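Worksheet: one structure, shown below.
It should be emphasised that the depicted structure is a prediction, and the values quoted were computed from it without experimental measurement.
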Amino acid sequence: MADNLSDTLKKLKITAVDRTEDSLEGCLDCLLQALTQNNMETSEKIQGSGILQLFSSLLIPQSSCTAKVANIIAEVAKNEFMRIPCVDAGLISPLVQLLNSKDQEVLLQTGRALGNICYDSHEGRSAVDQAGGAQIVIDHLRSLCSITDPANEKLLTVFCGMLMNYSNENDSLQAQLINMGVIPTLVTLLGIHYQNAALTEMCLIAFGNLAELDAIKLQLVEAGLVECLLEIVQQKVDSDKEDDVAELKTASDLMVLLLLGGLEIISLEKRRLHCLYESMQKLFEGGKGNVFQRVLSWIPSNNHQLQLAGALAIANFARNDGNCIHMVDNGIVEKLMDLLDRHVEDGNVTVQHAALSALRNLAIPVVNKAKMLSAGVTEAVLKFLKSEMPPVQFKLLGTLRMLIDAQAEAAEQLGKNIKLVERLVEWCEAKDHAGVMGESNRLLSALIRHSKSKDVIKTIVQSGGIKHLVTMATSEHVIMQNEALVALALIAALELDTAEKDLESAKLVQILHKLLADERSAPEIKYNSMVLICALMGSESLHKEVQDLAFLDVVSKLRSHENKSVAQQASLTEQRLTVES
């Protein structure tokens, strides 16, 4: 083959100059055959032969060989190392000119060639951009979108793929396509050709790329994309065909992506934030919207992908108090609990995680907590205590923490649950999973802070939880430090005798000294550390530690602190230390 290929390349150099079409066509056929047998090796030979530069002169609309030349370029550009040489050989401009051809095969192979050259190649994209290729392709999509014969659908698929490769992970090119009107064109395509698996998949992936631009989500919603996606889901939901299952997944994933507000991302510009929020609210329509109702119907489905998408969508709709309150009042909690129940034994981690995410978000508004507690959410969530999957553990902890916020009775009931507290103490040591470790500590603290119950404190002491609360007081997060100090102050006030030994062995007094002496400690940390010091004076052994560490020096300096509360507490603490010394 190697000798034949070398001969073909030599012959091609001559015939390319002579333009003997029959000979030229024979050489091109040999090249295509060689590329089919071993693409990489043949591409290397083509690059080494210097033949690429000749191809630009062969890319002429009138020639019968043009489609084959474009096909060869498409094949060699499958190799990453060939993309920049294709650009350097000046092939982009003549290829873009060929996009004006009326010949369908020429358009198909040209679209493939440009798409492959653009794949993961900054130079390729830049050259196509400068040659104006994107606008011509969008115009073609617009004019051909209503024709449903197989050959045309194949061409449309290639053109969508070309635009996808052209703009993938490139914000400025994605924005350019949007300004050229690609969104309504792709929505129209999707609406007409949803029966064509390859074209639908390509459109969905293209939308997925564009939807990464946050401000675009509202445009996608307004263009009617969601309705198209719902139609695809409805068509494919009962099918076992591999292509249909893939389409269902892509369509439902894209639905969730459109709803993803990212509202926790504080660094977003307000305009973008508004767009994200507006697109979600437009689909929610006060809980009466067709889209919201359809998504709701996915949760009891037997299809895991739809259950997952439905639960994620609910979690995303639950981004403001109004939506959360409406959903809880209209029975969404029961639907989510039923879904969780179906996955206790089944163990589908993604569905468990999504359903718990939704419940956690719904539990944020104060008025929802009591309703969700009385509906039995804690019991439903506790069934997953045995889970060994960190994402499920993390959401389970977050859901319980949200539910007991300012709910004393629920906090006490959970805090006396020895199985739960022992599991929390175990997860407080999950050093490989910082999120689970952090949430476990926060829930331990919350059980004490919200219940203010001696029984809860005894359960936590008995289970070995005190040392984790003391460690939590050294967290890099001020909110966690503060939660720990408040919980420890309650322990010292309510059950100091029970906790005394654990507080001593965890070196609490030394930690408090460091926190007070550290100039970087936040005012609330200094304040609560001093409150805790005063509470510890009731223990003889801890009192002695306080005296040995010369706390008076540190505290007296804080009397002149710029924060009035800290300064006042410093005076009170100084008096207490002086009296007790």
Side-chain angles (χ1 to χ4, degrees), residues 211 214 217-218 221 226 230 252-266 268 273-301 306-341 343 350-378 380-381 384 391-392 394-407 410 435 439:
D214 290 322
K217 291 177 185 175
L218 185 58
V221 170
V226 174
L230 288 170
S252 53
D253 284 349
L254 186 48
M255 270 286 298
V256 174
L257 183 61
L258 289 176
L259 293 170
L260 268 172
L263 295 180
E264 295 110 347
I265 304 170
I266 294 160
L268 278 173
L273 206 58
H274 178 69
C275 283
L276 297 171
Y277 183 76
E278 203 176 328
S279 68
M280 179 186 73
Q281 288 305 92
K282 188 176 178 68
L283 296 173
F284 189 66
E285 288 184 67
K288 295 183 173 60
N290 174 46
V291 171
F292 174 68
Q293 293 299 329
R294 293 272 285 276
V295 164
L296 211 55
S297 73
W298 294 353
I299 292 175
S301 151
L306 283 193
Q307 292 171 358
L308 171 64
L312 285 173
I314 296 304
N316 289 322
F317 279 126
R319 293 299 185 97
N320 68 36
D321 284 5
N323 290 6
C324 289
I325 293 163
H326 177 90
M327 286 192 277
V328 169
D329 286 347
N330 284 274
I332 191 65
V333 168
E334 288 72 15
K335 285 185 169 69
L336 289 167
M337 289 198 311
D338 287 345
L339 178 60
L340 274 177
D341 222 35
H343 288 280
T350 54
V351 176
Q352 291 171 359
H353 180 261
L356 288 167
S357 296
L359 287 170
R360 179 201 173 279
N361 290 0
L362 289 167
I364 293 171
V366 177
V367 294
N368 279 358
K369 297 179 194 296
K371 293 174 187 172
M372 291 176 70
L373 287 165
S374 63
V377 172
T378 48
V381 169
F384 294 90
V392 174
F394 180 71
K395 288 298 178 185
L396 174 154
L397 293 164
T399 306
L400 292 176
R401 188 165 62 80
M402 284 299 162
L403 281 169
I404 63 163
D405 188 15
Q407 306 295 310
E439 276 291 352

Item to check | Ala380: partners by side-chain contact (heavy atoms from CB on, under 4.5 Å), with sequence neighbours left out | outcome: Met337
Next on the checklist: As an exercise, state the distance from NE2 of His353 to CZ of Arg360, rounded to the nearest 0.5 Å.
Outcome noted: 10.5 Å
Checklist entry - Measuring from Leu339:CG to Leu359:CG, what's the distance to the nearest 0.5 Å? => result 9.0 Å
Next on the checklist: Just to verify, what does Ser357 make a side chain to side chain donor-acceptor pair (under 3.5 Å) with, not counting sequence neighbours?
Outcome noted: none
Checklist entry - Nearest heavy-atom pair of Gly310 and Trp298: which atoms, and what distance? => result N-CE3, 3.8 Å
Checklist entry - What are the two closest non-hydrogen atoms of Glu334 and Ala375, and how far apart are they? => result OE2-CB, 3.9 Å
Checklist entry - Can you tell if the side chain of Leu362 reaches within under 4.5 Å of the side chain of Leu336, non-hydrogen atoms only? => result yes
Checklist entry - What pairs with Asp338 under side-chain contact (heavy atoms from CB on, under 4.5 Å), at least two apart in sequence or on another chain? => result none
Next on the checklist: Could you measure the distance from the CG atom of Asn361 to the CG atom of Asn323? Nearest 0.5 Å is fine.
Outcome noted: 11.0 Å
Checklist entry - If only atom types and distance count, is the side chain of Lys369 paired as donor or acceptor with the main-chain N or O of Ile404 below 3.5 Å? => result no
Next on the checklist: Restricting to side chain to side chain donor-acceptor pair (under 3.5 Å), what partner residues turn up for Ser252, sequence neighbours left out?
Outcome noted: Gln305
Checklist outcome for this item: Those residues at least two apart in sequence (or on a different chain) that pass side chain to side chain donor-acceptor pair (under 3.5 Å) with Asn290 are none
Next on the checklist: Once ring-ring contact (aromatic ring centres under 6.0 Å, His included) is applied, do any residues pair with Phe292, and if so which ones, sequence neighbours excluded?
Outcome noted: Phe284, Phe317
Checklist entry - Residues two or more places apart in sequence or in another chain: which of them pass salt bridge (charged side-chain N to carboxylate O under 4.0 Å, His left out) with Asp321? => result none
Item to check | Nearest heavy-atom neighbours spanning Leu403 and Leu373 | outcome: O-CD1, 3.7 Å
Next on the checklist: List the residues meeting side-chain contact (heavy atoms from CB on, under 4.5 Å) with Ser301, not counting sequence neighbours, and say none if there are none.
Outcome noted: Asn303, Leu306
Next on the checklist: Minimum heavy-atom separation for Thr399 and Lys395, please, with both atom names.
Outcome noted: OG1-O, 2.7 Å
Checklist entry - Taking side chain as C-beta onward, heavy atoms only, is Ile314 less than 4.5 Å from Leu296? => result yes
Checklist outcome for this item: The side chain to side chain donor-acceptor pair (under 3.5 Å) partners of Asp329 (sequence neighbours excluded) come to Lys371
Checklist entry - Can any side-chain N or O of Asn368 pair as donor or acceptor with the backbone N or O of Cys324 at less than 3.5 Å? => result yes
Checklist entry - Closest heavy-atom contact between His343 and Gln352? => result O-NE2, 2.8 Å
Checklist entry - With sequence neighbours left out, what residues match Arg401 under salt bridge (charged side-chain N to carboxylate O under 4.0 Å, His left out)? => result Glu439
